[in-house]
Amino acid sequence: MKYVRVPRELHTSDVLAEEACFSPGRYVRFVPPKQKGNSHYVPLDKLVRVREEAVKIQKGENYRYAEIGDINVATGSICFREMKGYRLPTQRPARAEKGDVLISTVRTYRKGIGLVMDNGSDLVTTNAILNLCAMTDFAPGITLPYVYSFLRSDFFVEQVWSLLHRGVYPRMDTGALGKISIPLADDKDVCAYVAALALAIAEKDRAIRLRNDEINARIETELAANQTGKAFQYSYPSFDEVRSTLRFDAGIYSEIFKREQHKITSYRRGWANYQQLGFAIGRGQNLQLSCIGHSVYSDTPKPNFYRMVAPTDISEFRTVEAFRYLGNQRDLDLVKRGDVIFGAEGFCKGRCVILVDEQQRTISNIHGVVFHPLDGSMTRGIFLGCFLGYLRNVGIVDAIGAGGSGGSLAIGYLDQVPIPRFPDDIQEQIARLYHNSAPAPARNATLANFLAWHREWNEGLGIWELDRELKALQRTLGEVQEQIIEGLTVKIPI
């Protein structure tokens with residue numbers, strides 16, 4: 001940890017203050033860096049207001065509800081799920097509005113902090129969430145997005161760790177807000193720049209989710225509009241069907257699986273498996289010591305290191321949450337441009353990403369299945385990856401998999417996965433939603449038009465490009481935040 005210090009010695013008064021408990025976590029202290037004059041620290045409770053408003057549920061009404069697990073710890077996005085009032089786990093959930101900052105009281109140390117980007121009067125959350133809804137008048141010019149950006153930083157998380165007693169289930173409540181410090185830049189333009197970066201990142205993340213939903217909707221529409229044969233009718237499996245599959249360990253006999261499979265096998269233009277469509281298949285690189293010898297791992301790029309994408313690194317929105325890097329002297333099996341990395345095991349089973357660039361040598365691990373288009377077609381590779389992600393979304397991947405703890409999907413089972421023969425133009429439309437480069441707006445970005453400039457650019461970008469630019473903004477934000485924390489002068493590049 002960067003800001004947390006373990007003391008070299010303890011005074012008797014320190015031990016007595018902790019009731020003679022010698023748990024090491026009781027003596028960890030948060031020590032912020034000494035500032036150099038261009039910023040200062042302020043307790044969080046002096047800056048923000050907490051929404052403490054509950055909603056009386058009407059059982060027949062529709063609501064959009066978020067639990068603590070619906071806050072994405074990697075990005076801060078929040079997934080509100082639509083459900084009827086009678087299905088909500090509480091009859092008096094907390095109200096949420098667009099622009100609120102939600103802090104999970106039990107996942108704070110994992111960056112369970114999100115910004116509400118949805119709009120509407122039907123947004124509600126669990127009561128296990130702190131809802132920061134507005135700013136006080138203590139620091140004019142400081143906005144909630146500015147505070148949110150620091151709440152998602154290691155600077156905040158390490159403060160939370162220093163407050164928690166190890167060995168008990170960690171919780172964060174309103175009483176802890178006064179013990180948390182937020183660095184405020186003295187230059188209001190710098191504060192506005194940080195807030196703009198945070199909002200631009202949130203909007204790119206939302207654009208990725210919308211593109212992802214649109215891909216699934218395009219596939220669903222094409223299948224539904226081109227059905228042939230009889231309407232689906234479920235029947236229990238016959239002895240001959242069980243004999244042909246020799247499987248009792250899967251959900252392939254369920255009504256959900258058979259209905260979704262029927263949509264594909266009844267597609268008017270036909271279907272095929274991955275081999276018939278011209279794809280080779282293989283496992284990712286085995287990274288065990290016995291196979292490749294010693295390796296060095298890094299969270300940041302290093303010269304001559306491999307860039308690694310494991311299934312656990314892939315998000316449900318067809319992006320890589322974070323690349324990792326591996327140094328090894330051997331020639332490892334590379335993932336090529338246009339290849340599909342498919343998670344084959346565990347709870348990430350069925351998550352996919354399509355490699356669009358080869359800026360750095362890229363590998364996966366043995367838990368990933370790699371599909372390679374034999375003709376090198378980027379469009380066909382992207383379509384396959386998008387369709388496999390769709391199959392996960394409708395439950396087919398889980399049904400085919402075997403075993404517990406998320407299960408696994410052996411390569412042999414993938415022969416059974418039907419893939420529709422979509423026309424080239426439909427495949428291209430879907431592929432453009434995933435990969436589409438677009439020039440940045442012609443006018444220069446300024447502090448005044450920063451968000452509008454990025455919104456305009458977002459309109460033309462695919463998921464891969466949106467994620468690339470999002471990560472670039474995250475790096476910029478991290479650098480600016482570190483300068484503010486240390487009290488250095490921040491140069492705004494726009």
Side-chain angles (χ1 to χ4, degrees), residues 2-3 32-33 35 38-50 71-78 98-104 107-117 130-136 138-160 172 177 180-208 321-322 445 447 450-451 453-455 469-494:
K2 189 172 183 179
Y3 306 107
Q35 295 181 304
N38 291 303
S39 61
H40 57 284
Y41 297 125
V42 174
L44 182 57
D45 64 341
K46 292 185 177 294
L47 296 174
V48 298
R49 300 186 189 279
V50 178
I71 301 175
N72 189 312
V73 297
T75 65
S77 59
I78 304 170
K98 184 176 182 180
D100 289 354
V101 174
L102 306 186
I103 303 176
S104 167
R107 297 178 110 193
T108 322
Y109 63 98
R110 292 186 57 201
K111 295 188 180 180
I113 302 107
L115 180 67
V116 179
M117 298 297 290
L130 286 179
N131 186 331
L132 309 184
C133 62
M135 301 296 294
T136 66
F138 184 84
I142 302 299
T143 61
L144 202 52
Y146 176 92
V147 173
Y148 164 72
S149 76
F150 279 97
L151 295 182
R152 284 201 51 80
S153 70
D154 290 340
F155 184 79
F156 169 73
V157 171
E158 292 191 18
Q159 289 184 76
V160 172
M172 175 82 178
L177 296 183
I180 299 292
S181 296
I182 299 294
L184 302 186
D186 295 336
D187 187 337
K188 300 308 177 188
D189 283 345
V190 171
C191 296
Y193 181 50
V194 169
L197 283 169
L199 287 173
I201 290 168
E203 291 192 0
K204 287 191 188 295
D205 184 71
R206 179 171 172 77
I208 288 171
E321 289 184 343
L447 193 55
F450 191 79
L451 281 177
W453 189 89
H454 276 279
R455 285 173 191 148
E469 297 306 318
L470 181 151
K471 288 179 169 58
L473 289 177
Q474 286 177 328
R475 289 191 294 271
T476 300
L477 177 60
E479 292 167 2
V480 172
Q481 286 177 323
E482 190 61 31
Q483 291 171 339
I484 293 172
I485 290 168
E486 295 181 3
L488 302 175
T489 300
V490 177
K491 294 182 179 179
I492 302 176
I494 54 174

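Residues satisfying the salt bridge (charged side-chain N to carboxylate O under 4.0 Å, His left out) test with Arg49, not counting sequence neighbours, are none. Applying the ring pair (Phe, Tyr, Trp, His ring centres under 6.0 Å) test to Tyr193 and every residue at least two apart in sequence or in another chain returns nothing. Asp154 pairs by the side chain to side chain contact (heavy atoms under 4.5 Å, CB included) definition with Lys111, Glu158, not counting sequence neighbours. Every side chain to side chain contact (heavy atoms under 4.5 Å, CB included) that Ala192 has, sequence neighbours left out, goes to Leu447. Partners of Tyr41 under the ring pair (Phe, Tyr, Trp, His ring centres under 6.0 Å) rule, at least two apart in sequence or in another chain, are Phe155. A search for salt bridge (charged side-chain N to carboxylate O under 4.0 Å, His left out) contacts involving Asp100 returns Arg51, not counting sequence neighbours. In this structure Tyr146 satisfies the ring pair (Phe, Tyr, Trp, His ring centres under 6.0 Å) test together with Phe150, sequence neighbours excluded. Residues satisfying the salt bridge (charged side-chain N to carboxylate O under 4.0 Å, His left out) test with Glu203, not counting sequence neighbours, are Arg455. Every residue two or more places apart in sequence or in another chain that forms a salt bridge (charged side-chain N to carboxylate O under 4.0 Å, His left out) with Glu482 is listed here: Lys2.
Partner of Val101 under the side-chain contact (heavy atoms from CB on, under 4.5 Å) criterion, out of Leu130, Leu132, Val147: Leu132 alone. The one candidate from Val42, Val48, Leu47 that meets the side-chain contact (heavy atoms from CB on, under 4.5 Å) condition with Ile182 is Leu47. Evaluated for a side-chain contact (heavy atoms from CB on, under 4.5 Å) with Ile103, the options Val160, Thr108, Asn131, Val50 yield exactly one hit, Thr108.
Taken to the nearest 0.5 Å, the OG atom of Ser39 stands 12.0 Å off from the CD atom of Gln481. With values rounded to the nearest 0.5 angstrom, Ile142 atom CD1 is found 4.5 Å from Leu184 atom CG. Interatomic distance, Met135 CE to Thr143 OG1, rounded to the nearest 0.5 Å: 7.0 Å. The NE2 atom of His40 sits 11.0 Å away from the OG atom of Ser181 when rounded to the nearest 0.5 Å. Annotation: the span from Leu44 atom CG to Phe156 atom CZ amounts to 7.0 Å, rounded to 0.5 Å. In this structure, OG1 in Thr75 is found 4.0 Å from CG in Asp205, a value given to the nearest 0.5 Å.
Residue Ser149 comes nearest to Val194 through the heavy atom pair OG-CG1, 3.2 Å, listed as atom of the first residue, atom of the second, then distance. Residues Leu115 and Ala202 approach most closely at CD2-CB, 4.0 Å, considering heavy atoms. Minimum interatomic distance between Leu451 and Ala196 (heavy atoms only, all atoms of both residues): CD2-O, 3.7 Å.
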Distance-only donor-acceptor hits, side chain of residues 484-494, under 3.5 Å, sequence neighbours excluded:
residue	atom	partner	partner atom	Å
Thr489	OG1	Asn38	ND2	3.1

Distance-only check: which donor-acceptor pairs under 3.5 Å involve side-chain atoms of residues 471-479, not counting sequence neighbours?
residue	atom	partner	partner atom	Å
Lys471	NZ	Val320	O	2.6
Lys471	NZ	Asp467	OD1	2.8
Lys471	NZ	Asp467	OD2	2.7
Thr476	OG1	Ala472	O	3.1

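Looking at Arg110, its side chain never comes within 3.5 Å of a backbone N or O of Val157 through a donor-acceptor pair.
Residue pairs meeting the salt bridge (charged side-chain N to carboxylate O under 4.0 Å, His left out) criterion with at least one member in residues 180-191, sequence neighbours excluded, do not occur.
You'll find the side chain of Tyr148 stays beyond 4.5 Å of the side chain of Leu199, heavy atoms only. Two residues are said to be in side-chain contact when any heavy atoms from C-beta on lie closer than 4.5 Å; Glu321 and Asn72 meet this criterion.
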